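Following: one structure in structure tokens, then a few remarks.
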Amino acid sequence: MLRVGVLVSGGGTNLQAILDAIDGGGIKGAEVTAVISNNANAYAIQRAKDHNIPAFVVTPGAYGSREEFNKALLDTVNACKVDLVVLAGFLVKIPEEMIAAYKNRIINIHPSLIPSFCGVGFYGLKVHEAALERGVKVTGATVHYVDEGTDTGPILLQKAVEVKPGDTPEILQRRVMEEAEWVILPQAINMIAEVR
């Protein structure tokens, strides 16, 4: 059984999609064994509790320096003994020590078709604002492995989503989540579990 740790900063809709896929049989051979958040108020923590999954909070503000926070985050992930780390809306730069320790075992979901609208500064609504400003007709989401760069790791899965006339960043964000993110993130976990 692939032990999955999900790192999340906010509401946890991607976490919910993973849990629903496990419950519904869309993900076989994997289980979420830990949820870790950098935000004590993240609704994702409640989602974890509702599924009897241990939830941990590691906030940068609780530590004197970034190095101490990075160490605490890595220590927490290590203590959870996970096989795969899934970044599901985790708005913290992953420390290089963790990338080295979990080489090819960290995946991220990004709300665009990489290499478009990715890299430093492109997260959350900013991605969809940029897509609308550019006037693209198609956007989507990408699941990729995490390396030392920002959104530069090898791509696992992508799914395109149509941009419609009258879209606002919020409407587009919702459509990308529903039609792409919540579909391909569980698929990617299932693929990794199958290969294993």
Side-chain angles (χ1 to χ4, degrees), residues 5-15 17-18 35-42 44 57-74 76-77 84-161 163 167-177 179-182 184-185 188-189:
V6 180
L7 275 57
V8 60
S9 293
T13 55
N14 276 305
L15 168 62
I18 294 164
V35 171
I36 301 168
S37 181
N38 63 310
N39 173 7
N41 300 315
V57 176
V58 186
T59 61
Y63 300 91
S65 69
R66 194 66 191 198
E67 288 70 29
E68 287 176 46
F69 165 74
N70 286 347
K71 184 181 182 315
L73 183 63
L74 180 54
T76 304
V77 172
L84 179 69
V85 176
V86 177
L87 309 181
F90 190 60
L91 302 178
V92 171
K93 187 168 177 9
I94 300 301
E96 286 185 10
E97 303 82 14
M98 188 185 295
I99 293 167
Y102 289 86
K103 190 156 182 61
N104 299 323
R105 292 197 295 148
I106 306 175
I107 62 171
N108 179 50
I109 180 89
H110 182 76
S112 76
L113 297 174
I114 291 174
S116 296
F117 312 113
C118 67
V120 177
F122 284 102
Y123 59 89
L125 272 181
K126 291 181 181 348
V127 176
H128 306 292
E129 288 165 357
L132 291 172
E133 273 171 31
R134 187 69 185 87
V136 296
K137 304 299 175 214
V138 176
T139 185
T142 304
V143 177
H144 65 93
Y145 283 104
V146 174
D147 63 9
E148 292 74 16
T150 304
D151 302 327
T152 55
I155 291 171
L156 260 160
L157 289 173
Q158 289 186 309
K159 189 169 191 304
V161 173
V163 178
D167 273 352
T168 64
E170 293 78 9
I171 290 169
L172 186 57
Q173 180 180 50
R174 184 79 194 175
R175 189 180 314 116
V176 168
M177 285 195 295
E179 294 182 12
E181 293 181 44
W182 300 347
I184 62 173
L185 188 55
I189 295 167

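These numbers were taken from a predicted model, which means no experiment stands behind them.
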- Message: Is the shortest side-chain heavy-atom distance between Asp167 and Arg175 below 4.5 Å?
- Response: yes

- Task: Would you indicate whether the side-chain heavy atoms of Phe117 and Arg134 approach each other to under 4.5 Å?
- Result: yes

- Is Tyr63 atom OH crowded by more than 12 heavy atoms from other residues, nucleotides or ligands, each under 6.0 Å away? yes

- Answer yes or no: does atom CZ of Arg66 have more than 12 heavy-atom neighbours from other residues, nucleotides or ligands under 6.0 Å? yes

- Query: Of the non-hydrogen atoms in Ala180 and Val161, which two are nearest, and what is the gap between them?
  - Reply: CB-CG2, 3.7 Å

- Closest non-hydrogen atom pair between Ala160 and Val138, with its separation: CB-CG1, 3.6 Å

- By side-chain contact (heavy atoms from CB on, under 4.5 Å) - contacts of Thr168 (at least two apart): Glu170, Ile171

- Test Ile114 against Ile155 for side-chain contact (heavy atoms from CB on, under 4.5 Å), laying out the working first. CA-CA 8 Å; Ile114 291 174; Ile155 291 171; 4.1 Å; yes

- Item | Worked verdict on Met177 versus Thr13 for side-chain contact (heavy atoms from CB on, under 4.5 Å) | CA-CA 8 Å; Met177 285 195 295; Thr13 55; 3.7 Å; yes

- Does Lys159 NZ have over 12 foreign heavy atoms under 6.0 Å away? yes

Please report, to 0.1 Å, the donor-acceptor pairs under 3.5 Å made by any side chain of residues 84-104, with sequence neighbours excluded.
from	atom 1	to	atom 2	distance (Å)
Tyr102	OH	Asn78	OD1	2.7

- Query: If you take all heavy atoms of Val58 and Ala72, which pair is closest and at what distance?
  - Reply: CG1-CB, 4.0 Å

- Closest contact, heavy atoms only, Pro111 versus Val127: O-CG1, 3.2 Å

- Between the side chains of Ser9 and Asn39, is a donor N or O closer than 3.5 angstrom to an acceptor N or O? no

- Message: Please enumerate all residues that pass side-chain contact (heavy atoms from CB on, under 4.5 Å) together with Thr59, with sequence neighbours excluded.
- Response: Val57, Ala62

- Query: Side chain of Ser37, backbone of Val8: donor and acceptor closer than 3.5 Å?
  - Reply: yes

